[in-house]
Amino acid sequence: MGGNGNIEDNLLEFPSGPYRAIAIRSFDTTAQTWAIWWLSANEPHQLDVPVVGKFENGVGSFFANDRFDGDPVIVRFLWLRTDTDSPRWEQAMSVDDGETWETNWTMDFERVG
């Protein structure tokens, strides 16, 4: 894809045991947006609806209309503190068209080197 995409292989350690998944990302040079798909080892034939968005002023905001337990939700990924040595990623869902958000996953990173 000429540098306009990447794949991230994940091994996540949860209390219930290890979990494998991949994130697939592609960049649309015309729209200047990223799309991010999630593929879980728990459902290896089900590619999630992509979140789509971009980085502005040090914050990455990505959204998708999806379903959770059969109900419509908006999924949001945020990349925060991207200009620091400790960026944060958050995933949240909204059942009220973005009026409120329930954050259900966060990851804090530390730059090395």
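Index from 1, following the sequence.
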Task: For the student: nearest non-hydrogen atoms of Phe62 and Lys54, plus distance - done: CE2-N, 3.8 Å
Task: For Ser94 against Thr100, the heavy-atom pair lying closest together - done: OG-O, 2.8 Å
TODO: Mind listing the closest non-hydrogen atom pair of Ile36 and Ala23 along with its distance?
DONE: CG2-CB, 4.5 Å
TODO: Check Pro50 against Ala64 and note the closest heavy-atom contact, atom names and distance.
DONE: O-CB, 3.2 Å
Open item on the list: Strictly by side-chain hydrogen bond (donor to acceptor under 3.5 Å, both in side chains), give each pair with a member in residues 104-113 just once, sequence neighbours left out.
Closed with: Arg81-Asp108, Arg88-Asp108, Gln91-Asn104
Task: Side-chain donor-acceptor pair present, Asn10, Glu8, cut-off under 3.5 Å - done: yes
Open item on the list: What's the separation between atom CG in Leu39 and atom CG in Asp48, rounded to the nearest 0.5 Å?
Closed with: 8.0 Å
Open item on the list: Can you list, by chain and residue number, the hydrophobic cluster partners of Ile74 when the side-chain cut-off is 4.5 Å?
Closed with: Phe63, Trp101
TODO: Give the cluster check for Val52 versus Phe27: same hydrophobic cluster or not, with ILVMFWY residues linked at side-chain heavy-atom distances below 4.5 Å.
DONE: no
Task: Heavy-atom pair with the smallest gap, counting every atom of Asp85 and Pro87 - done: C-CD, 3.5 Å
Task: Heavy-atom check, side chain of Met1 versus side chain of Ser26, under 4.5 Å - done: yes
- [ ] Answer yes if Trp37 and Trp34 sit in the same cluster of Ile, Leu, Val, Met, Phe, Trp and Tyr residues linked by side chain heavy atoms under 4.5 Å apart, and no otherwise.
- [x] no
- [ ] Indicate the atoms forming the closest heavy-atom contact of Ile24 with Leu47, along with that distance.
- [x] CD1-CD1, 4.2 Å
